[in-house]
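A quick write-up on the structure given underneath.
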Amino acid sequence: MKKTTCILLCIWMVLSLTSCKNTAEETASFEAMDTVMSLKVYGGDGICGTLEARAHELDELLSSADTDSEIYRLNKNGTARLTGDALTLINRSLSLSAETDGSFDMTVYPAVCAWGFISGNYQIPDGKTLDALAQNIDYRQVSVNGDSVSLPENAAIDLGAVAKGYLADECADILGGSGASCAVLNLGGTILLYGAAFKVGVADPENPAGYFGYLSCGEGVVATSGGYERYFEQDGVRYIHILDPKTAKPVDNGTLSVTIFSDDGVLSDALSTALFVMGIDKATAYYQNHDGFDFILLTDDGKLYVTEEIYDRFSLADGCSYQLKKVKK
């Protein structure tokens with residue numbers, strides 16, 4: 001399954017735009033970062049063009065597949081001097097990898113390729129191959145010295161798990177310097193909410209066309225990771241695209257989806273992946289020891305875990321039978 005066709009099922013927005021009704025609406029839709037992005041801005045006076053241009057600029061710079069990108073050059077040569085955005089995002093990714101004890105790790109890319117999730121030629125690597133892939137997944141082996149970045153032999157990185165979050169942060173800065181009163185930017189499943197009150201519906205992995213609940217929230221970035229986004233099935237077994245960096249295998253810990261809400265796009269993107277890898281027990285412990293985000297985590301036994309800060313602002317959809325549980329700080 002191509003990410004471009006299913007990532008848009010991750011999150012759906014219902015806007016509460018009482019403060020924006022008297023301002024002009026501007027919309028745009030385009031493809032960038034291997035997905036479809038849609039913008040809705042109120043009072044922006046032509047700002048969508050600037051936002052789209054920034055998306056394409058970052059896509060060209062951060063792509064692992066674009067032969068002209070800095071990340072492609074780094075992966076090919078094992079070392080490269082990087083400019084501002086790429087270097088900033090690599091340093092931030094390394095910091096988040098350390099904070100999550102490697103549950104988020106950009107060096108998982110060769111393993112993702114080996115499973116066929118990049119090419120679409122799906123396969124199950126044998127045990128020996130998986131062991132070798134797992135040994136090469138280690139963010140601690142990425143060396144940064146000023147603007148020079150080096151990778152160990154057989155390593156490669158991909159910033160796809162945080163690139164849209166970084167774009168969300170960049171777009172928030174652009175909107176803040178414009179005349180926009182409010183906006184919703186769907187950056188391929190990572191959603192920037194700007195300038196108003198919103199009601200966000202989170203897709204049900206068991207029925208991605210529907211929603212298991214709704215969150216009332218203000219400004220921020222919402223990101224969701226789920227095994228239903230990209231996967232393949234073989235002999236009745238489903239293999240999802242989210243891999244455990246410690247094993248190089250698809251995560252199989254009972255987690256179906258994780259939604260993160262914070263005011264930091266890179267954090268939201270990275271933690272939606274990291275907490276999915278962790279599973280509910282480690283995710284809860286991480287939440288209790290870190291600030292700046294909230295989560296909604298669904299498990300395959302029908303339990304829906306919501307952190308206490310947003311618990312009273314979350315409501316189950318009509319007919320949803322999931323068991324709601326509050327996660328205390």
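Atoms considered below: every heavy atom in the structure, side chains included; atoms not considered: hydrogens, waters and symmetry mates. In this chain, residues are counted from 1 in sequence order.
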**OP:** Dump the intermediate steps for side chain to side chain donor-acceptor pair (under 3.5 Å) on Thr190 and Asp269, then the final yes or no.
**Re:** CA-CA 7 Å; Thr190 296; Asp269 254 4; 2.7 Å; yes

**OP:** Could you check Glu31 against Val36 for side chain to side chain contact (heavy atoms under 4.5 Å, CB included), going step by step and ending with a plain yes or no?
**Re:** CA-CA 4 Å; Glu31 291 189 17; Val36 177; 4.1 Å; yes

Subject >> Working for side chain to side chain contact (heavy atoms under 4.5 Å, CB included), residues Ser268 and Val222 >> reply: CA-CA 6 Å; Ser268 290; Val222 185; over 6 Å; no

Original post:
Are Thr83 and Glu70 close enough, and set up right, to give a side chain to side chain donor-acceptor pair (under 3.5 Å), and what steps lead you there?
Top reply: CA-CA 8 Å; Thr83 54; Glu70 292 190 0; 2.5 Å; yes

Original post:
Step by step, would you call Tyr109 with Ile118 a side chain to side chain contact (heavy atoms under 4.5 Å, CB included)?
Top reply: CA-CA 9 Å; Tyr109 182 58; Ile118 302 301; 4.0 Å; yes

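Applying the side chain to side chain donor-acceptor pair (under 3.5 Å) criterion to Thr79, with sequence neighbours excluded, gives Ser150. With sequence neighbours left out, the side chain to side chain donor-acceptor pair (under 3.5 Å) criterion links Tyr311 to no other residue. Legend: residues meeting ring-ring contact (aromatic ring centres under 6.0 Å, His included) with Tyr239, ordered by chain and number and at least two apart, are Trp115, Phe232. Take Phe261 and apply the ring-ring contact (aromatic ring centres under 6.0 Å, His included) test, not counting sequence neighbours, and it matches no residue. Here Asp138 pairs with Arg140 under the salt bridge (Lys or Arg N to Asp or Glu O under 4.0 Å) rule; sequence neighbours left out.
For Ser64 against Leu159, the heavy-atom pair with the smallest separation is OG-N, 4.4 Å. When all heavy atoms of Ala111 and Ile137 are compared, the closest pair comes out as CB-CD1, 4.0 Å. Here the closest heavy-atom approach between residue Met33 and residue Ala55 is recorded as CE-O, 4.3 Å. Across all non-hydrogen atoms, the minimal contact from Gly102 to Tyr139 is CA-CE2, 3.8 Å. Closest approach of Ala248 and Leu130 over heavy atoms only: O-CD2, 3.5 Å.
Between Tyr214 and Phe314, the gap from one ring centroid to the other reaches at least 6.0 Å.
Between Phe295 and Phe293, the ring planes lie parallel to each other; the angle is under 30°, not in the 30° to 60° tilted range.
Between the CD1 atom in Ile242 and the OH atom in Tyr231 there is a gap of 13.5 Å [rounded to 0.5 Å].
Electrostatic pairing of Asp301 and Lys303 counts as a salt bridge here, judged by a charged N lying under 4.0 Å from a carboxylate O. In summary, Lys329 and Glu308 do not engage in a salt bridge, as defined by a charged side-chain N under 4.0 Å from a carboxylate O. In this structure, Asp85 pairs ionically with Arg54, as a charged nitrogen and a carboxylate oxygen lie closer than 4.0 Å. Between Asp264 and Arg92, at least one side-chain nitrogen of the basic residue sits less than 4.0 Å from a carboxylate oxygen of the acidic one, meeting the salt-bridge criterion.
Grouping the Ile, Leu, Val, Met, Phe, Trp and Tyr side chains by contacts below 4.5 angstrom, directly or via other members, places Leu58 apart from Tyr72. Note: the hydrophobic cluster containing Leu304 also contains Ile310 (ILVMFWY, side chain heavy atoms under 4.5 Å, direct or indirect links).
Using modelled atom types and a 3.5 Å distance limit, the side chains of Glu219 and Tyr194 yield no donor-acceptor pair. Side chains of Thr129 and Asp126: a donor-acceptor N/O pair is present below 3.5 angstrom, by distance only.
Within the structure, salt bridge (charged side-chain N to carboxylate O under 4.0 Å, His left out) contacts touching residues 147-160 (residues at least two apart or in different chains) are Arg81-Asp147.
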